[in-house]
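In what follows, a single structure is set out as structure tokens and then discussed.
Every number for a ligand or one of its atoms is a count from 1 in the order of the listing.
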Amino acid sequence: MTKQNLLNRSLQAVWHPCTQMKQHEAFPLVPISRGEDAWLIDVDGKRYLDAVSSWWVNLFGHNNPRIKQAIKQQLDTLEHVILAGFTHEPVVELSEKLASLTGLGHAFYASDGASATEIALKMSFHYWRNAGEFKKTKFISLQNSYHGETLGALGVTDVPIFKDSYAPLLRQSMQMPSPDWRLAENGESPENYALRCADTLETYVAEHANELAAFIIEPLIQCAAGMGIYHSIYLQRAREICTRYQVHLIADEIAVGFGRTGSMFACGQSNRPDFMCLSKGITGGYLPLSVVLTSNEIYQAFYDDNVTRGFLHSHSYTGNPLACSAALATLAIFESDNILVKNEEKAAYVNNKMQVLTDLPIKHLRHQGMIWAFDVEANNSKFSTACYAQALEQGLLLRPIGNVVYWMPPYIISENEIDFMVEKTYLAIKNAL
Ligand SMILES: Cc1ncc(COP(=O)(O)O)c(C=O)c1O
């Protein structure tokens, strides 16, 4: 099959995500035939360094032998079984491991991030109903938040380009000021700004506690907002405020969980949420899997002789054994290879290398864990697409969000590959300005 033939068939038959399909008249699809570590390789053999971990899912590279082996082994025994009324070893083992890592002992599974958001919102609402608090039905989130694209998740998302077209379908939620430090006043420190935002949160929550079910938040980094990083004091204050006024705290760690912010999860033991949503990196980027972890107290509110007090939510592929074994292999790599410590060394290397970018018209150079970002002051109104195209030409997969260029590479990226990423990013930006 020729490359052009494949591209034509894809455009005819596949409706690609998050895409105005007509734009493919100007920007051809990239036909990938295989992956190898941090690289994607197209049908002509051209290599692209995957600096966005294929939408933030890939942690340990493409074609990773250990994750692949775990899936193959699982494939020889059980590919899938209904999880209602049945169970299996990979799902039990994974749930126990996640409980020991987070302190949240009950795991409810789905397949995608947005489904995890839906589950957490429904569970929170249903908890309050079971507790006789029938008025606690509303949700709050942050300005510029992103929690997924299904209707419930979009209802707590605050990105106009994804939300506005569907506004009549969505349930209203309120947005609290974002603590993203780019929004601080001149001369105001990220910490002081975060505290100021937390004060506004407290005022709102104190007034509306009787009708609020939950506050949903992306801990430490609002990724889809253009990697908006904020001070951890905000998380701490959010936890205190939610506890004080009896509002659930839902931590959407779908993008930032599994080491992205430097620690295994962005929420630590001292600011443990009532619900934690995980997906993306959970299987190392191999198979769709998401999970909502919650506490025993919440679980117990559903445990009853009355069926309808139970959580009657399901997805067909819930707890899929292949996906759970990929997740177990991913967690095993974290442990055996001391990943979090190695990532610190890698991050220091990137931080040093990226200083060359300060030659360019950029601001708000920022970094947290294994995420780097900066805002480009470009004259070109089509900077984002131009930079994307320029980077592809250079053999680099970047997906700028508006004028924000970011890196979220797989953790196995080598020093040579970091050099390549920095050098090609520099060129792509320069040519796209
Ligand atoms: C914080 C956050 N929540 C939810 C989602 C939705 O996940 P999915 O695309 O798997 O539905 C994303 C995806 O980028 C995300 O970044």
Counterpart residues, side-chain contact (heavy atoms from CB on, under 4.5 Å), relative to F302 (two or more places apart) = M123, H126, Y127, N130, I298, F311
Does a donor on one side chain and an acceptor on the other come within less than 3.5 Å for S145 and E218?
-> no
For residues 11-19, run the donor-acceptor check on the side chains, cut-off 3.5 Å, and write out each pair with its distance to 0.1 Å, sequence neighbours left out.
from : atom 1 : to  : atom 2 : distance (Å)
H16  : NE2    : S10 : OG     : 2.9
T19  : OG1    : P17 : O      : 2.5

Salt bridge flag under 4.0 Å for residues R182 and D375 = yes
Please list, by chain and number, the protein residues whose heavy atoms come under 4.0 Å of ligand 1.
-> W56, D112, G113, A114, Y146, H147, G148, E218, D252, I254, A255, K280
So, does T157 use its side chain to make a donor-acceptor pair with the main chain of H147 at under 3.5 Å?
-> yes
Sequence neighbours excluded and cut-off under 3.5 Å, please list the side-chain donor-acceptor pairs for residues 385-397, or say none.
from : atom 1 : to   : atom 2 : distance (Å)
T385 : OG1    : K382 : O      : 3.2
Q390 : OE1    : N431 : ND2    : 3.3

